[in-house]
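What you are looking at is a predicted structure, and each value in this text was computed from that prediction instead of being measured. Reminder, nothing fancy here: chain letters follow the sequence lines and each chain counts from 1.
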2 protein chains.
Amino acid sequence: MPKETFYNLSEEKRKKVYDALLEEFSQYSYDSASINRIVKVAEISKGSIYQYFDDKIDMFKYLINAVFEKKIQYMTPVMLNPEGIDVFKLIREMYLTGIKFAQENPKLYLLAIRFMNDKEHPVYKEVMSENFGSADAIFGVFLKNAINRGEVKAEIDIEFVSHIISSLNVTLAEYFMEKNNSNNFDEMMELVDKLLDLIKNGIS
Amino acid sequence: MPKETFYNLSEEKRKKVYDALLEEFSQYSYDSASINRIVKVAEISKGSIYQYFDDKIDMFKYLINAVFEKKIQYMTPVMLNPEGIDVFKLIREMYLTGIKFAQENPKLYLLAIRFMNDKEHPVYKEVMSENFGSADAIFGVFLKNAINRGEVKAEIDIEFVSHIISSLNVTLAEYFMEKNNSNNFDEMMELVDKLLDLIKNGIS
DNA sequence: TAGTCATGCGACCACTTGGTCATATAGTAT
DNA sequence: ATACTATATGACCAAGTGGTCGCATGACTA
């Protein structure tokens, strides 16, 4: 985590450093990211950035943390207190949240995607050892409840379906970000509902 | 593509170089891959590898090509001549093929995943400009036929569903590779069928 | 034996990497 | 004015990067 010197900076300067970090790490993988480029963009000297952060991984952790913090801000009441809520309503909220986050924080989103895509990287392992479990788990709990309530058929493989639903979340956000023409809110809702219908009823 | 000197090598030596390339590029991204490490593993000199390849990207293209070639070998008769075949049968074949390829060629698979995950990388753009279109398209065609035959309901968004089905292919292979305990063929078939049932009928 | 040719080799090149450190500067408190 | 503290700086470091090149080696030919 950043040293106190970083937080002593004027907000303006601090934001400039933050933006430079985000710009670099959203565009390049951890290994390929260059501190020389960062300090050039931030318009500070090489020595200065090491007054704010211990080292490269410290800078990276700071950004990953920003992703988590920002993502939490997007959580809706339903997601925070989901007892007895219809699973499909919950999944819809999750999907909408995922898309909105990506659209409104494209660089944090890119960084997160890049980060999640290389789970074998030592940096991933180190950073995630300090963080919580996967997103699959939460879907698992809700699926189980939904089965008890009869909303979902009992034969499904909960672990597997959780994983599918969770990864579709990412797929969906990626789909939106790729065809950037659709900043359209209605179109977004429509697609989310199409995917929900697929999960609910299939295509047959 | 490799120079003729590469093909003049004894098969043993050529394989050693190929293995070293694959080892490196399956473990590291294009930028992070190191030619020094490659020549060390292949037990040849730095100068030698530049007798076989023009440059780094040439080495990489050679491997990407190997992925495509190998993948084609896995194509089944049904996939090559899919006229009038049940969509779900086709999807099953595609999924099984994807998993088998990943299990039997884990390093090629890793390389391919890494490669596909960074579509913004200049190397991706260059390499893919010489290759064919996405996998989504093929599903689109078959979905359309399936709708005409009444196997699939007409309301679906073909482009979107194609994308989903196509990306589930990757998700499924990843799922298998992560929990490496399941080299079990029956378990594999079972999971594929579970996913097919989800796509067909949903979980409700 | 001498000449030719394909290949092997590793020192070397210019450049970038993450990180350090002695020094300079500025602001504050006495 | 003086002393102290916090911060800013960029030359510098060792190590690594992709790539080159002159020379060595060895096989085949004349």
Side-chain angles (χ1 to χ4, degrees), chain A residues 1-25 27-64 114 121-124 126-127, chain B residues 1-25 27-64 114 121-124 126-127:
Chain A
M1 287 296 104
K3 305 180 185 177
E4 37 172 329
T5 51
F6 182 62
Y7 295 108
N8 291 344
L9 257 38
S10 72
E11 199 187 321
E12 186 194 14
K13 190 167 182 179
R14 200 169 61 239
K15 180 156 192 331
K16 214 166 160 186
V17 173
Y18 170 83
D19 286 342
L21 283 170
L22 186 52
E23 180 66 31
E24 183 71 9
F25 281 109
Q27 201 150 15
Y28 298 93
S29 72
Y30 177 80
D31 290 316
S32 302
S34 158
I35 283 155
N36 289 324
R37 275 192 302 249
I38 293 169
V39 298
K40 203 179 286 172
V41 170
E43 292 179 285
I44 57 174
S45 74
K46 188 94 161 272
S48 282
I49 204 164
Y50 282 97
Q51 303 247 0
Y52 311 145
F53 299 92
D54 287 330
D55 46 24
K56 193 183 187 181
I57 203 171
D58 194 28
M59 305 174 203
F60 190 70
K61 279 182 190 170
Y62 169 63
L63 284 183
I64 294 294
R114 214 182 285 283
H121 198 292
V123 166
Y124 178 89
E126 183 180 335
V127 172
Chain B
M1 286 296 105
K3 306 180 186 176
E4 36 173 331
T5 51
F6 182 63
Y7 295 109
N8 291 343
L9 256 36
S10 72
E11 199 187 321
E12 186 194 15
K13 191 166 182 180
R14 199 170 61 238
K15 181 158 192 330
K16 215 167 161 186
V17 172
Y18 171 83
D19 286 342
L21 283 169
L22 186 52
E23 180 67 31
E24 183 71 10
F25 281 109
Q27 201 149 16
Y28 298 93
S29 72
Y30 177 79
D31 289 316
S32 301
S34 158
I35 283 154
N36 288 324
R37 276 193 301 251
I38 292 169
V39 298
K40 203 179 287 171
V41 169
E43 292 179 285
I44 57 173
S45 74
K46 189 92 162 272
S48 283
I49 203 164
Y50 281 97
Q51 302 243 337
Y52 311 146
F53 299 92
D54 287 330
D55 46 26
K56 195 183 187 183
I57 202 171
D58 194 27
M59 305 174 202
F60 190 71
K61 280 182 190 170
Y62 170 61
L63 285 183
I64 293 294
R114 212 181 287 283
H121 198 292
V123 166
Y124 178 89
E126 181 180 339
V127 173

A.B. asks: A:Q51 has an atom CD; how far is it from atom P of C:dC21, in whole Å?
C.D. replies: 13 Å
A.B. asks: For the residue pair B:Y52 and B:V17, what are the closest heavy atoms and their distance?
C.D. replies: CE1-CG2, 4.2 Å
A.B. asks: Tell me the interatomic distance from A:I49, atom CD1, to D:dT9, atom P, rounded to whole angstroms.
C.D. replies: 12 Å
A.B. asks: Pairs under 3.5 angstrom, nitrogen or oxygen only, protein versus nucleotides 16-18 of chain D, please.
C.D. replies:
residue : atom : partner : partner atom : Å
D:dT17  : OP1  : B:S34   : OG           : 2.9
D:dT17  : OP2  : B:N36   : ND2          : 2.7
D:dG18  : OP1  : B:A33   : O            : 2.7
D:dG18  : OP1  : B:K56   : NZ           : 3.0
D:dG18  : OP2  : B:I35   : N            : 3.0
D:dG18  : N7   : B:K46   : NZ           : 3.4

A.B. asks: Give one of base, sugar-phosphate or nothing for A:F53, where a contact means two heavy atoms less than 4.0 Å apart.
C.D. replies: nothing
A.B. asks: Using every non-hydrogen atom in the two residues, find where B:K46 and B:V39 come nearest and quote the distance to one decimal.
C.D. replies: CA-CG1, 4.0 Å
A.B. asks: Where each residue is assigned the nucleotide of DNA chain C containing its nearest heavy atom, which of A:M59 and B:S48 is assigned the position nearer the 5′ end?
C.D. replies: B:S48
A.B. asks: For the residue pair A:V41 and A:A20, what are the closest heavy atoms and their distance?
C.D. replies: CG1-CB, 3.8 Å
A.B. asks: Is the shortest side-chain heavy-atom distance between B:F60 and B:L21 below 4.5 Å?
C.D. replies: no
A.B. asks: Run through A:K13, A:R37, A:K16 and flag the one making a salt bridge (charged side-chain N to carboxylate O under 4.0 Å, His left out) with A:E43.
C.D. replies: A:K16
A.B. asks: Going from CG on B:D54 to NZ on B:K61, what distance comes out if it is rounded to the nearest 0.5 angstrom?
C.D. replies: 9.0 Å
A.B. asks: For A:Y30, which of A:K56, A:M59, A:R114 qualifies under side-chain contact (heavy atoms from CB on, under 4.5 Å)?
C.D. replies: A:K56
A.B. asks: For DNA chain C, find the residues of residues 1-12 of chain A with a heavy-atom distance under 4.0 Å and give them by number; none if there aren't any.
C.D. replies: none
A.B. asks: C:dC9 P sits how many Å from B:I44 CD1, rounded?
C.D. replies: 8 Å
A.B. asks: Angle class for the B:F6/B:F53 ring planes (parallel below 30°, perpendicular above 60°, tilted otherwise)?
C.D. replies: tilted
A.B. asks: Atom NZ of B:K16 and atom P of C:dG8: how far apart are they, to the nearest Å?
C.D. replies: 12 Å
A.B. asks: Return the value, rounded to whole Å, for the distance between atom NZ of A:K40 and atom P of C:dG18.
C.D. replies: 12 Å
